[in-house]
Amino acid sequence: MAHPTEHPHIVVHAPALDGSRRVTSDDETLGVATHTDDVGEILRLADLYVTDVEDADFIEWQGGGPEDWPGLSEHHEP
């Protein structure tokens, strides 16, 4: 059993054709994100409270980092 302070390995997958990114823990899909804030909310709903998803060492960003949301950037204002 994992120590309570340990976090599972989280993967934010490469963007899909619509720019959304699947968020998984092991083989379980936690949700689909369309923005960095969505990743934080998906993790919160999974009882993983992360204050900075961009710098969390247990989150693996595939196909680009937390700023890469191709096809969706026009939907979010800075």
Show me the side-chain donor-acceptor pairs of residues 58-67 shorter than 3.5 Å, one per line, residues at least two apart or across chains.
from  : atom 1 : to    : atom 2 : distance (Å)
Glu60 : OE1    : His9  : NE2    : 2.8
Glu60 : OE2    : Gln62 : NE2    : 3.0
Gln62 : OE1    : His13 : ND1    : 3.4

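When the shell of 6.0 Å around CG of Leu17 is examined, it contains 12 or fewer heavy atoms from other residues, nucleotides or ligands.
The line from CZ of Arg21 to CD1 of Ile42 is 11.5 Å long, rounded to the nearest 0.5 Å. Here the straight-line distance linking atom CG of Leu43 with atom OH of Tyr49 works out to 11.0 Å at 0.5 Å rounding. To the nearest 0.5 Å, atom CD1 of residue Ile10 and atom CG of residue Asp57 are 12.0 Å apart.
His35 places a side-chain heavy atom less than 4.5 Å from the side chain of Asp37.
Applying the salt bridge (Lys or Arg N to Asp or Glu O under 4.0 Å) definition to pairs two or more places apart or across chains, those involving residues 39-56 are Glu41-Arg44.
Evaluated for a side chain to side chain contact (heavy atoms under 4.5 Å, CB included) with Val53, the options Leu48, Val23, Thr36 yield exactly one hit, Thr36.
Under the 3.5 Å distance criterion, the side-chain polar atoms of Arg22 are left unmatched by any main-chain donor or acceptor of Leu30.
With sequence neighbours left out, the side-chain hydrogen bond (donor to acceptor under 3.5 Å, both in side chains) criterion links Ser25 to no other residue. Applying the side-chain contact (heavy atoms from CB on, under 4.5 Å) rule to Ala16 yields the partners Asp18, Ser20; only residues at least two apart in sequence or on another chain are considered.
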